[in-house]
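Proteins come first, then strands; the chains are lettered A, B, ... in the order of their sequence lines, and each starts at number 1.
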Number of protein chains: 2
Amino acid sequence: MTITHAEENYLKAIFTIAEKEAGPALTNAIAAQMQTSAASVTDMLKRLSDKQLITYEKYRGVQLTEEGGRLATALIRKHRLWEVFLVDKLGFAWDEVHELAEQLEHVQGNDLVSRLDSFLGYPKFDPHGDPIPDAEGRWTFRKQAPLATLKAGERGIVTGVDDHSTTFLQYLDQLGLILGAELELLERFPYDQSVRVRIRDGRELILSDKVTQNLFVKIS
Amino acid sequence: MTITHAEENYLKAIFTIAEKEAGPALTNAIAAQMQTSAASVTDMLKRLSDKQLITYEKYRGVQLTEEGGRLATALIRKHRLWEVFLVDKLGFAWDEVHELAEQLEHVQGNDLVSRLDSFLGYPKFDPHGDPIPDAEGRWTFRKQAPLATLKAGERGIVTGVDDHSTTFLQYLDQLGLILGAELELLERFPYDQSVRVRIRDGRELILSDKVTQNLFVKIS
DNA sequence: AAAAATATTTAGGTAAGTCTAAAAATAAGT
DNA sequence: ACTTATTTTTAGACTTACCTAAATATTTTT
């Protein structure tokens, strides 16, 4: 049975939503994620259900079957490995790689993924700090929390982002808050929950509530 | 104007045929190249003509417009660069990369090709010895000829193949006739035009007429 | 030059994936 | 509980890219 690119994209979207919402993915949520109409989603859900990649009950949302979950995981693995390739090997910035990886993840062939994985040195995380599942679909978890949870005086290392938007990533770049950056939370302003942090070169930054909620750090 | 993957593939096929046959590509030739029906080709030719990528006169074959040729060349460039990547970086054998490159060539994005080119060290030839056009579409030509044209006593270096089939490539691998291999033609047997050659490690091989016609060498 | 063979196009149909508008089901508000 | 609002599905239509079968052009043969 062949699976089309569109079907793969839906599986990934369903996986992502199920992960975030912790429940069955609803039609509208999928439509939003896929930037398409609810009608198109319903259409596709029927196809995926016929192929036994999801369990689908009308008006009740969908869940991935074991096979569907396996495919979605494999796709995420491919996407993130290609992102590592684009950043580490081709020198793209972390905010430039999503679209390209979106295409590269659909390339299929025998050994491609495992060879790429090996070539890249079996990375566990992509350029945004998101975990890369291994060939068996196992995930590496990391103890990390939004910067917002740090208390004054605590130190942390930047490990990832929740918001993957270009504007956020470029802003972080500008501030020097790249993956691995060390910081110390000096002060939190109760007025708007913004914080003052010191980074490695001694510079001090003021970060808004929005930033601290979307930036993950490992407390060190 | 967007160009679909199928359209790109047709442009490439037309380019390839025009190059080989040195004339307008005919419907049946395209159908054979694309492994599809003549009716489907006619269908596509209308679309490509509407998009001004080919000039098409019913029953008279097609020719690429300047824009069509530019696109075809860019596609071939991408295909061959990806083949270099797959062989040089990921360690695939030269007979394993065609299908993968066929998919990778359709990935599009800003800087991707130029960055890949740079990463690979601006290769001029792909793993089969085929030339890779540069970013402006210029080709590097190489003085090469089928092994069949060598005279007894002459020496050559393997530079490429005409037949790209898996069986031929694997056979050459087995014989040690990889790109760059040095050989000396010792003798040609008039009966069937087969030849005896000595290769670098001193081994002698008998190569059929079919092999000598499909293997390119640079006379040295 | 007419007949036969070959090449190409047209006609009509299918499947995937999308759309809008309308209908139906479910959830929410009073 | 009943009306309203929201969500989801159905209906009908469109595009791309393919197919087969039939019709038409062109080329080759006699």
Side-chain angles (χ1 to χ4, degrees), chain A residues 1-14 17-18 20-21 23-64 68 71-72 75 102-103 105-108, chain B residues 1-14 17-18 20-21 23-64 68 71-72 75 102-103 105-108:
Chain A
M1 190 195 20
T2 44
I3 288 151
T4 67
H5 291 185
E7 286 167 348
E8 287 188 332
N9 286 332
Y10 273 94
L11 290 176
K12 201 174 58 156
I14 294 165
I17 292 164
K20 202 178 315 182
E21 318 267 316
L26 300 177
T27 302
N28 262 0
I30 299 169
Q33 178 87 14
M34 296 290 297
Q35 309 233 63
T36 186
S37 71
S40 302
V41 173
T42 302
D43 225 51
M44 179 58 91
L45 295 185
K46 284 180 197 155
R47 269 195 293 268
L48 292 173
S49 187
D50 287 348
K51 292 192 175 181
Q52 314 227 28
L53 299 172
I54 58 170
T55 53
Y56 169 50
E57 250 189 300
K58 275 188 192 176
Y59 298 99
R60 297 269 165 249
V62 293
Q63 276 184 301
L64 294 173
L71 287 171
L75 203 65
E102 205 74 2
Q103 298 174 64
E105 72 190 6
H106 297 294
V107 175
Q108 44 202 344
Chain B
M1 189 195 19
T2 45
I3 289 151
T4 68
H5 292 187
E7 286 168 346
E8 288 188 332
N9 287 333
Y10 273 94
L11 291 176
K12 201 174 56 157
I14 294 165
I17 292 163
K20 201 178 317 183
E21 319 266 316
L26 302 176
T27 303
N28 263 359
I30 300 168
Q33 179 87 13
M34 296 290 298
Q35 310 233 65
T36 186
S37 71
S40 302
V41 173
T42 301
D43 224 51
M44 180 58 90
L45 295 185
K46 283 181 197 154
R47 268 194 293 268
L48 293 174
S49 187
D50 288 348
K51 291 192 177 182
Q52 315 226 28
L53 299 172
I54 59 171
T55 54
Y56 169 50
E57 251 190 297
K58 274 189 192 177
Y59 297 99
R60 297 268 165 247
V62 293
Q63 276 185 300
L64 294 173
L71 287 170
L75 204 65
E102 205 74 1
Q103 299 174 63
E105 72 190 7
H106 297 294
V107 174
Q108 44 202 344

Worksheet item: Which heavy-atom pair separates B/Leu11 from B/Ala72 by the least distance, and what is that distance?
Response: O-CB, 3.8 Å
Worksheet item: Roughly, in whole Å, what's the span from CD in B/Glu57 to C1' in C/dT8?
Response: 14 Å
Response to the item:
Sorted by number, residues from residues 36-49 of chain B placing a heavy atom under 4.0 Å from DNA chain D are B/Thr36, B/Ser37, B/Ala39, B/Ser40, B/Asp43, B/Met44, B/Arg47
Worksheet entry | side-chain contact (heavy atoms from CB on, under 4.5 Å) partners for A/Ala6, two or more places apart | A/Thr4, A/Met44
Discussion item. Quick check: do B/Val62 and B/Ile30 have side-chain heavy atoms less than 4.5 Å from each other?
Written reply: yes
Practice prompt. Quick one: pull up CD1 in B/Ile54 and OH in B/Tyr10 and give me the separation to the nearest 0.5 Å.
Written response: 11.0 Å
Worksheet, complete the sentence: Between B/Gln33 and B/Ala13 the two heavy atoms that sit nearest each other are CG-CB, 3.6 Å
Close N or O pairs between protein and nucleotides 22-29 of chain C (under 3.5 Å):
from, atom 1, to, atom 2, distance (Å)
C/dA25, O4', A/Tyr59, OH, 3.3

Discussion item. If you define the side chain from C-beta out and look only at heavy atoms, does anything of B/Val41 sit under 4.5 Å from B/Asn28?
Written reply: no
Item to complete: Give a yes or no on whether a salt bridge exists between A/Lys12 and A/Glu102, defined as a side-chain N under 4.0 angstrom from a carboxylate O.
Response: yes
Item to complete: Tell which nucleotide pairs with D/dT15, taking only Watson-Crick or G-U wobble pairs whose two distances are both under 3.5 angstrom.
Response: C/dA16
Practice prompt. Check side-chain contact (heavy atoms from CB on, under 4.5 Å) between B/Gln108 and all other residues, then give those that pass, not counting sequence neighbours.
Written response: A/Gln103, B/Glu8, B/Lys78
Worksheet entry | CE-CG distance between A/Met34 and A/Asn9, expressed to the nearest 0.5 angstrom | 5.0 Å
Discussion item. Rounded to the nearest 0.5 Å, what separates atom CG in B/Leu64 from atom OH in B/Tyr56?
Written reply: 14.5 Å
Worksheet item: Are the side chain of B/Thr42 and the backbone of B/Ala38 linked by a donor-acceptor contact shorter than 3.5 Å?
Response: yes
Item to complete: Please check if the side chain of B/Lys51 supplies one atom and the backbone of B/Thr2 the other of a donor-acceptor pair under 3.5 Å.
Response: yes
Response to the item:
Interatomic distance, CD@B/Gln63 vs OG1@B/Thr55, rounded to 0.5 Å, equals 5.0 Å
Worksheet item: Heavy-atom contacts under 4.0 Å between residues 1-8 of chain A and DNA chain D, which residues?
Response: none
Practice prompt. On DNA chain D, reading 5' to 3', which nucleotide is the first and which the last to sit with an atom under 4.0 Å from a heavy atom of chain A, could you check?
Written response: D/dT7 to D/dT10
